[in-house]
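Please read the structure below before turning to the comments.
Position 1 is the first residue of the sequence; numbering continues from there. The shown structure was predicted, so the numbers you read here are calculated from the model rather than taken from an experiment.
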Amino acid sequence: MTSFRTLRARRLTTVSLAAAGLLLASVATATPGSAGVAARSAPPGTVDTANTIPGVDEIVSSPNLRQIANLPKQAPLDATNSDLAFQGRYAFAGNYNGFVIYDISRPSAPSVVSQVYCPGSQNDISVHGDLLFLSTDSSRSDDSCNSTSAPATEKASWEGIKVFDISDKANPRYVKAVETACGSHTHTLVPGKDRKTVYLYVSSYSPRAEFPDCQPPHDSISIVKVPVKSPTDAAVVASPNLFPDGGYEGRPGGSATTGCHDITAYPEKNLAAGACMGDGILMDISNREAPRLINRVRDTVNFAFWHSATFNNAGTKVVFTDELGGGGAATCNEAIGPERGADAIYDITGRGDARTMVFRSYYKIPRMNADTENCVAHNGSLIPVLGRDIMVQAWYQGGISVWDFTDSANPKEIAFWERGPLSADRLVGGGTWSAYYYNGYIYSNDMVKGLDVLKLTDWRTWSANLVRYRELNVQTQPSYLSW
């Protein structure tokens, strides 16, 4: 999400084949390439149509995607919910006031293990072993969890990365802070090749001459090196300039590049894709401390703000999202149309340094939303399906969409779930910030409504149930068995 403030804009473990057989016998028979119309087996409380804007808080869905749990936010973490990470039987949820650890061993009955109050938007989150990392991208009086808001014009103000020890999930412990240039809007965890180190690629943007810790030009990212056994030694080790010739200069309705918003790494393939405001980039990360630009693309017609990226499992495609309106506008309507505030699918062609990204098509949810609903492409993850490219994605109040981009030129939705607007009379921000697939279920961190858990039952995605991850940070994209 793009947020704004007064002084600165930032804003394999497999299951048995017998279980798979039972699953195949029970899946829905939706028409390929279509989410279909809700059938008699639709879960209670859903509306049997894909074309009607639901009423306030009313739920609509396709018959192959159903909600099985909701856990509302709890004070003091009653601010905006943000991103998610996973480890074993736990989900970790960011919130502008801190983070929550959930026990999801029973997905239909998640429970709160602990809450940590530590304000600092957005509190983008990732985990690795006994460590948890939070991004702070709002100027604070200091690096403590008792800090208050402070102006970015003051040199003493702090923004950056916070590190917690989560070896005791019921009692996380704050152990380290690392200040980074222009703060940390998001970060991407990249494991070191020696397995003794992790790196955090810190994305931030919007420098101004009056900000002593965020000076223009800001065409770089910060790389924080964290020794896993001694996280108190974490420090910035590099600030590579990704745009030595300058980024996109911007246009009316299209952001200039003054940094990156988010980066998705694919460590097994030594690749990363950066969504950098006005540019989409492909990088070689063979040298973790010196990522190298391979290819850069722009969309000067339809894209307003390059927000995030997702690779397919083969590493031969990348999906970029456009966060038109910064996540706070109603853009899933007839006036905006299907090619703005959408995803853009690129094929990655060639080899080595000759790899290029070639545009194939746009994807946007095929339902109109009300003008009182903020709706635009946001955070999603690949579903580990054998032989196909399918992902689940959050669209704020546009809900959750599951879509197939195996044919890059013809993406198609295969499932959806959404709530009606928060208000029938005025635009009120809310909806799902992140919707990710993890070990058989879809987890959504709704900005207002809390944690949602959904179950997808579809013949096109049954093989995902054969894949189990011990840990998942979606922007650190894992590979899975394919054919």
Side-chain angles (χ1 to χ4, degrees), residues 13-16 18-28 30 35 38-47 54 57-74 77 81 83-93 95 99-115 127 169-170 380-381 383-385 392-394 399-402 414-419 431-459 461-472 474:
T13 303
T14 61
V15 300
S16 69
L22 288 173
L23 177 64
L24 276 172
S26 65
V27 295
R40 286 175 295 181
S41 59
T46 62
V47 175
D57 283 343
E58 189 176 18
I59 290 175
V60 295
S61 73
S62 55
N64 52 354
L65 185 59
R66 63 187 180 92
Q67 180 188 34
I68 63 170
N70 170 261
L71 191 57
K73 294 189 294 186
Q74 301 177 18
L77 302 191
N81 279 339
D83 211 5
L84 290 166
F86 305 90
Q87 185 184 87
R89 63 187 180 96
Y90 299 102
F92 305 82
N95 177 281
F99 66 92
V100 187
I101 301 179
Y102 294 106
D103 184 331
I104 55 171
S105 54
R106 291 180 57 208
S108 61
S111 60
V112 173
V113 177
S114 60
Q115 297 193 123
V127 294
K169 301 296 188 292
S381 74
I383 298 179
V385 176
V392 58
Q393 187 173 3
I400 295 168
S401 178
V402 179
I414 64 172
F416 77 94
W417 182 92
E418 69 167 305
R419 284 188 179 91
T432 175
W433 179 291
S434 299
Y436 298 149
Y437 183 95
Y438 177 70
N439 292 355
Y441 296 87
I442 291 170
Y443 295 88
S444 162
N445 207 21
D446 188 286
M447 294 165 64
V448 174
K449 299 293 186 179
L451 182 72
D452 288 310
V453 187
L454 297 95
K455 181 63 177 176
L456 177 65
T457 307
D458 191 285
W459 63 270
T461 63
W462 72 267
S463 59
N465 290 275
L466 305 177
V467 179
R468 289 291 183 270
Y469 295 119
R470 294 181 179 177
E471 191 171 272
L472 179 63
V474 167

| request: Decide side chain to side chain contact (heavy atoms under 4.5 Å, CB included) for I104 and Y90; before the verdict, give the C-alpha distance in whole Å, the side-chain angles of both, and the deciding distance to 0.1 Å. | output: CA-CA 6 Å; I104 55 171; Y90 299 102; 5.7 Å; no
| task | Start with the C-alpha gap between V112 and L71, add the side-chain angles, then the distance that decides, and say whether side chain to side chain contact (heavy atoms under 4.5 Å, CB included) holds. | result | CA-CA 9 Å; V112 173; L71 191 57; 4.0 Å; yes
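Less than 6.0 angstrom separates the ring centroid of F86 from the ring centroid of Y443.
Listed for the N81 side chain is a donor-acceptor partner under 3.5 Å among the backbone atoms of D446. Judged by distance alone, with hydrogens and angles left aside, the side-chain atoms of R106 form no donor-acceptor pair with the main-chain N or O of D103 at under 3.5 Å. Looking at S381, its side chain does come within 3.5 Å of a backbone N or O of Y437 through a donor-acceptor pair.
For G399 against T432, the heavy-atom pair with the smallest separation is O-CG2, 3.2 Å. Summarising the geometry of S434 relative to L84, their closest heavy-atom pair is O-CD1, 4.1 Å, with the distance given to 0.1 Å. Of all heavy-atom pairs between K169 and I101, the closest is O-CD1, 3.5 Å. Scanning both residues, Q67 and L454, for their nearest heavy atoms gives CA-CG, 4.0 Å. When all heavy atoms of Y438 and R470 are compared, the pair lying nearest together is OH-O, 3.9 Å. In terms of heavy-atom proximity, S114 sits nearest to A170 at CB-O, 3.6 Å.
Taking OH of Y436 as the start and CD1 of I442 as the end, the distance is 13.0 Å to the nearest 0.5 Å. Interatomic distance, N445 CG to W433 CH2, rounded to the nearest 0.5 Å: 9.5 Å.
Judged purely by distance below 3.5 Å, without hydrogens or angles, the side chains of S62 and N64 pair a donor atom with an acceptor atom.
The shortest side-chain heavy-atom distance between S108 and V453 does not fall under the 4.5 Å cut-off. Contact check for E471 versus V127: side-chain heavy atoms found under the 4.5 Å cut-off. Side-chain atoms of V100 and F92, non-hydrogen and from C-beta on, never get closer than 4.5 Å to each other. The shortest side-chain heavy-atom distance between N95 and K73 falls under the 4.5 Å cut-off.
Electrostatic pairing of D452 and R419 counts as a salt bridge here, judged by a charged N lying under 4.0 Å from a carboxylate O. In summary, D57 and K449 engage in a salt bridge, as defined by a charged side-chain N under 4.0 Å from a carboxylate O.
A side-chain contact (heavy atoms from CB on, under 4.5 Å) with L456 holds for exactly one of V392, I383, I414; it is I383. When the options I400, V60, V402 are evaluated for a side-chain contact (heavy atoms from CB on, under 4.5 Å) with F416, the one that passes is V60.
Residues that satisfy the salt bridge (Lys or Arg N to Asp or Glu O under 4.0 Å) test with D83, not counting sequence neighbours, are absent from this structure.
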